[in-house]
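In this text, all values refer to a predicted model and were calculated from it rather than measured experimentally.
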Amino acid sequence: MLNLLGGNDRIFSLKFVKNVHICSMSFSEKLISWYTKNGRKLPWRNTNDPYVIWLSEIILQQTRVEQGLPYFDSFVTKYPNVQRFADAEEGDILRLWQGLGYYSRARNMHRAAKRVVAEFHGDFPTQYADVIRLPGVGDYTAAAISSFSVNEKQAVLDGNVFRVLARYFGIDIPINSGEGKKIFKSLAQELISHKNPGLYNHAIMDFGATHCKPKLPLCETCVFRLECVAYKENRVSELPIKTKGKASKSRFFHYFVHEKGESLLMSKRGEGDVWSNLFELPLIETDVDVDLVELMQLEDFITHFEGADLLPINGQVKHILSHQNIYARFYRLENLPEVKGKKEEWNYFLSENLDKLAKHKLIFSFLNKYIS
């Protein structure tokens with residue numbers, strides 16, 4: 001194994017830096033050679049338009065390529081340039097986004113588009129130093145946009161890149177630690193191709209996504225099999241190392257379906273919590289999971305739905321958010337002509353107009369499956 005760290009201070013060793021210089025050319029060349037034969041053909045790779053690249057990169061955060069592709073096509077079609085995106089209503093953007101989750105991404109995109117129009121006269125920036133200033137853009141996204149659009153030598157560092165580098169060099173420093181981020185960033189920048197940084201970035205991300213996968217990586221046919229430290233030491237499944245974060249909070253949501261004629265009762269969430277300003281069904285949240293009888297005895301239920309018969313629609317659904325696990329149950333309210341004391345944020349919407357409402361993924365999926 002390469003001597004990454006020396007002594008108790010755990011600092012970057014000169015020996016490691018020299019090894020990186022020696023192998024960096026062959027490493028980048030092998031990656032690019034692999035990519036030219038095996039890289040995925042994706043629409044955003046056929047352009048150097050920074051706006052289109054930005055769209056693809058933000059959409060694909062926390063999203064699989066297969067899921068993100070139709071969203072990318074929809075956004076490019078409806079908002080072909082950053083001016084159109086900036087001029088759009090936030091509600092329209094959120095509605096087009098629904099189903100992707102992490103809605104702060106869409107809101108930050110809208111803010112970023114407005115800033116591009118205001119500060120760059122509608123010309124989407126290409127230089128890393130400018131792109132990194134946009135809302136919702138971090139180091140990875142800025143490096144991707146600058147390298148893919150104008151070939152700026154900025155190495156990308158995402159989960160795929162962390163995994164490839166950790167395994168190839170046998171690095172056991174946690175990738176989500178401050179020390180680990182510095183080491184991997186320095187290494188990634190050292191390895192990037194001088195001639196084709198954009199192509200190299202595409203290559204290493206694709207290699208991690210399709211070949212050096214988290215589970216069942218294709219080691220037996222890997223171009224780095226003879227050099228990979230993790231493979232030689234039988235540590236592929238161990239790397240990369242990531243320290244566990246704080247435990248996720250559990251929340252229990254009980255949603256209610258109440259139809260009046262052709263209309264469905266919907267609720268708009270407020271600010272300061274998950275899914276702010278998005279639409280969902282009326283709900284009661286409890287600290288712990290409760291059964292149907294306990295639910296009907298709650299003061300909030302009695303206030304609004306007393307006298308209704310409750311029909312469970314499906315089993316409990318678990319929806320995972322950052323540091324939160326939502327456990328949701330859905331019920332149909334029957335034999336209740338009118339909801340009592342209807343809250344200000346509750347309103348009935350014709351079924352044909354539900355598609356016009358921006359809904360979060362949990363509700364979007366439920367309505368598509370259970371409500372005709």
Side-chain angles (χ1 to χ4, degrees), residues 56-72 93-109 136 138 140-141 157-163 174-177 180-181 205 208-209 213-216 237 239-257 266-291 295 312-331 357-371:
S56 71
E57 290 299 334
I58 302 298
I59 288 172
L60 292 178
Q61 290 175 5
Q62 308 291 332
T63 304
R64 292 177 290 105
V65 168
E66 296 78 11
Q67 182 189 9
L69 262 171
Y71 287 91
F72 171 79
I93 292 173
L94 291 174
R95 184 167 59 85
L96 204 60
W97 189 270
Q98 64 185 4
L100 272 178
Y102 299 95
Y103 290 85
S104 60
R105 290 183 291 167
R107 292 189 174 93
N108 279 331
M109 288 176 78
Y140 160 77
T141 304
L157 194 58
D158 69 350
N160 292 313
V161 179
F162 274 121
R163 186 166 56 254
I175 61 175
N176 57 338
S177 66
K181 290 176 182 178
M205 288 193 298
K213 300 180 290 185
K215 296 181 180 179
L216 302 176
S237 62
L239 299 174
I241 291 174
K242 188 174 184 179
T243 56
K244 293 183 178 180
K246 64 180 181 180
S248 296
K249 175 185 177 182
S250 294
R251 302 176 69 178
F252 300 89
F253 287 5
H254 306 271
Y255 286 108
F256 301 96
V257 175
M266 297 290 288
S267 174
K268 187 175 184 180
R269 293 186 69 86
E271 299 280 356
D273 198 359
V274 295
W275 303 319
S276 61
N277 294 323
L278 295 177
F279 283 88
E280 61 182 3
L281 297 165
L283 75 82
I284 293 175
E285 180 176 357
T286 56
D287 294 330
V288 297
D289 196 17
V290 297
D291 62 24
L295 180 62
I313 296 178
N314 61 358
Q316 189 178 72
V317 177
K318 182 179 181 180
H319 190 79
I320 300 175
L321 301 174
S322 298
H323 308 303
Q324 293 190 45
N325 293 323
I326 306 295
Y327 296 90
R329 296 186 185 277
F330 295 83
Y331 305 87
L357 304 180
K359 305 172 285 292
H360 57 79
K361 186 175 182 178
L362 179 61
I363 294 300
F364 175 74
S365 299
F366 172 79
L367 292 179
N368 278 350
K369 187 173 183 179
Y370 291 99
I371 304 298

Closest approach of [X] to [Y] (non-hydrogen atoms, all atoms of both residues):
X: I58; Y: G136; answer: CD1-O, 3.9 Å
X: V290; Y: R329; answer: O-NE, 4.4 Å
X: G68; Y: I59; answer: O-CG2, 3.8 Å
X: R107; Y: N277; answer: NH2-CB, 3.8 Å
X: K181; Y: L157; answer: O-CD2, 4.3 Å
X: G99; Y: F364; answer: CA-CD2, 3.9 Å

message = Can you confirm whether D287 is buried at CG, in the sense that more than 12 heavy atoms of other residues, nucleotides or ligands lie under 6.0 Å from that atom?
response = no

ask   = Does atom NZ of K242 have more than 12 heavy-atom neighbours, drawn from other residues, nucleotides or ligands, at distances under 6.0 Å?
value =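 Atom NZ in K242 is not packed in, count stays at 12 or less.
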
N/O donor-acceptor pair under 3.5 Å between [X] side chain and [Y] backbone:
X: Y102; Y: L321; value: no
X: Y103; Y: Q98; value: no
X: T63; Y: Q61; value: yes
X: E271; Y: S276; value: no

query = Any luck finding a side-chain donor-acceptor pair between N108 and R105 under 3.5 Å?
reply = no

key: Heavy-atom side-chain proximity of V161 to M205 below 4.5 angstrom   =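 A side-chain contact exists here, since the closest heavy-atom pair is under 4.5 Å.
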
ask   = Where do N176 and F162 land on the side-chain contact (heavy atoms from CB on, under 4.5 Å) test, with the steps shown first?
value = CA-CA 10 Å; N176 57 338; F162 274 121; over 6 Å; no

As an exercise, state the distance from [atom1] of [X] to [atom2] of [Y], rounded to the nearest 0.5 Å.
X: Q316; Y: D289; atom1: CD; atom2: CG; result: 5.0 Å
X: I363; Y: N368; atom1: CD1; atom2: CG; result: 11.0 Å
X: L357; Y: E280; atom1: CG; atom2: CD; result: 12.0 Å
X: K249; Y: I326; atom1: NZ; atom2: CD1; result: 8.5 Å
X: L94; Y: H360; atom1: CG; atom2: NE2; result: 12.0 Å
X: F252; Y: L283; atom1: CZ; atom2: CG; result: 14.0 Å

message = Could you go through M266 and L367, starting from their C-alpha distance and side-chain angles, then the distance that decides it, and tell me whether this counts as side-chain contact (heavy atoms from CB on, under 4.5 Å)?
response = CA-CA 11 Å; M266 297 290 288; L367 292 179; 4.2 Å; yes

note = With L281 as partner, the option from F366, Y331, F253 fulfilling side chain to side chain contact (heavy atoms under 4.5 Å, CB included) is F366

